[in-house]
Protein chains: 2
Amino acid sequence: MIEERRERADAARNRRAILRATEDLLARHRPEQISMEQVAAAAGVGKGTVFHRFGSRMGLMVALMQERAYALEEAVASGPPPLGPGAPPEERLIAFLDAIVDVVGRNKGLLAALGHAATAAPRPEWKEHGEHRDEDGDHPVYRFWHGHTSALIAARRPDLDGELLAHILLGSLQSEPVLRLLERGEAKRLAASLRVMASGMLTAPALA
Amino acid sequence: MIEERRERADAARNRRAILRATEDLLARHRPEQISMEQVAAAAGVGKGTVFHRFGSRMGLMVALMQERAYALEEAVASGPPPLGPGAPPEERLIAFLDAIVDVVGRNKGLLAALGHAATAAPRPEWKEHGEHRDEDGDHPVYRFWHGHTSALIAARRPDLDGELLAHILLGSLQSEPVLRLLERGEAKRLAASLRVMASGMLTAPALA
DNA sequence: TGTCGAACTTGACCGCAGGTCCACTTTACC
DNA sequence: GGTAAAGTGGACCTGCGGTCAAGTTCGACA
């Protein structure tokens, strides 16, 4: 693919300003309570600019999430074990879940917002803005998380429905009560229970 | 408590009409995509009536959910095993999860709407309309589900964090991908995987 | 059966947030 | 410097959740 036109300097500056402002707001409020006008004001740009760059409310959240998730993605693909390749699936899964709890914990409900992508009835056609939702309605970040999780499950227990189990595991991070927990700073507690679920699952009796 | 004034006949008729209309709409659309005006129109009443009866969008969903959940609540409290009392916790848990999947499966995303109760910033004071959200922000229906689930877990594995594990188990039913599965009619598959999770959890190695 | 107050109904109306639009400004390449 | 493409801003549109005050219906009781 031929080199795409580079992003203009001012545009890049604003993009970062918006992202940063959103981050700030996100540290204090749930994603659903943050209005785009607020974001624009906080970033010191016009509302139109925000929409121009990110297409929609969801687009913004998604972009932020992507940024956050990037490091993790790297670590998984080529970092040191147990997160990276090399360790046994069981340990990798646990490490991965811990890492995700960490990311989610730092971004109150961002995942939830992500999950609710389907909520906003998407306009018929999508601008060329960055990411689209693929035919399954999932976003690349979730895609990756889910893919990795289910692969690890399958590696250890090919007899189980790894796909679904991964959805269940990850999905639990979107629920209100769990989010509330995270807000209270009990990430460790969450991670511990997820570990129980994961290892229990991997050692579960064969299908009944 | 002294006998409350009986509901007027026309009011009762309208209440049922609204509930029924909502049910219909819910069979075809996600709760977030249904507007109150739509409901009102479908029920053949004014928008004001809907709000008068149910207080808010959430109130409506909640009322519907409650209706659906009632039978289950009965069955658990005093029905025959394995759902009702008598069977060992493990079996009761599995039976309960199956039942919940069934209820949720029949009401696309109602649970999700419930979970997102916190979304709509509640008005300072609540009218006397039916249910309020208690200080924890959870609704009675979820309360019951969670209470029962965590009690069953604790009965078998007092060493685990039953409270949280119950949230995780139930929370997974709110996630988009899982909901999508349900919409495709794969309730059985979901139930099977939940069973794996539950029994795996109950037989998981002691805390590390 | 007639009367009367409470319960109920209604739809116009409010405020707000997401998203669109387009006239205007800035950038970067020549 | 000139110029076309990229970027910007904010007025504006739309549709939604929720309110309200004026009008209507019910049903208890005489």
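Sequence lines set the chain letters: A, B, ... in the order given, protein chains first and strands last, and positions in each chain run from 1.
Taking atom CD on B:Glu7 and atom C1' on D:dT25, their separation rounds to 15 Å, with Å as the unit. One atom, CZ of B:Arg13, and another, C1' of D:dG27, lie 13 Å apart when rounded to the nearest Å. For A:Gln33 and C:dC16, the CD to C1' distance is 15 Å, given to the nearest whole Å. A:His52 places its NE2 atom 5 Å from the P atom of D:dG7, with the value rounded to the nearest Å. Between the P atom of C:dA17 and the CZ atom of A:Phe51 lies a distance of 12 Å, rounded to the nearest Å. The CZ-P distance, from A:Arg57 to D:dG15, rounds to 19 Å in whole Å. Atoms CE (B:Met61) and P (D:dC16) sit 13 Å apart, rounded to a whole Å.
Heavy-atom nearest nucleotides on DNA chain D were determined for A:Glu37 and for A:Asn14, and the one closer to the 5' end corresponds to A:Asn14. Checking A:Ala11 against B:Ile34, the closest nucleotide of DNA chain D that is more toward the 5' end is the one next to A:Ala11.
Using a 30° and 60° split on the angle between ring planes, A:His167 and A:His146 fall in the parallel class, below 30°.
The side chain of A:Thr49 approaches D:dT8 more closely than any other nucleotide in the set D:dT8, C:dT9, C:dG18. Candidate nucleotides C:dG11, C:dT9, D:dG7 were compared by shortest atom distance to the side chain of B:Lys47, and C:dG11 ranks first.
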Bracket notation of DNA chain D in which parentheses pair within the strand, [ ] cross earlier pairs, and | pairs with another strand (Watson-Crick or G-U, under 3.5 Å): ||||||||||||||||||||||||||||||
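Distance check: B:Glu91 CD to B:Leu83 CG gives 12.0 Å after rounding to the nearest 0.5 Å. Summarising the geometry, atom OG belonging to A:Ser193 is positioned 12.0 Å from atom CG belonging to A:Leu97; distances are rounded to the nearest 0.5 Å.
Contacts of A:Leu60 with the nucleic acid, taken as non-hydrogen atoms under 4.0 Å apart, are absent. Nucleic acid contact for A:Ala40: none, since no nucleic acid atom lies under 4.0 Å from a heavy atom of the residue. As judged by a 4.0 angstrom heavy-atom cut-off over every strand, B:Ser35 is placed among residues touching the sugar-phosphate backbone only.
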If you restrict it to nitrogen or oxygen atoms, what contacts under 3.5 Å exist between nucleotides 22-26 of chain C and the protein, and what is each distance?
{"unit_1": "C:dT26", "atom_1": "O2", "unit_2": "A:Arg8", "atom_2": "NH1", "d": "3.0"}
{"unit_1": "C:dT26", "atom_1": "O2", "unit_2": "A:Arg8", "atom_2": "NH2", "d": "2.9"}

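For C:dT9, the OP1/OP2 oxygens have a side-chain nitrogen or oxygen of B:Arg53 closer than 4.0 Å.
The existence of a salt bridge linking A:Glu67 and A:Arg20 is excluded, since no basic side-chain nitrogen approaches an acidic carboxylate oxygen closer than 4.0 Å.
When B:Leu160, B:Ile168, B:Leu164, B:Asp161 are each tested for a side chain to side chain contact (heavy atoms under 4.5 Å, CB included) with A:Val196, only one passes: B:Leu160.
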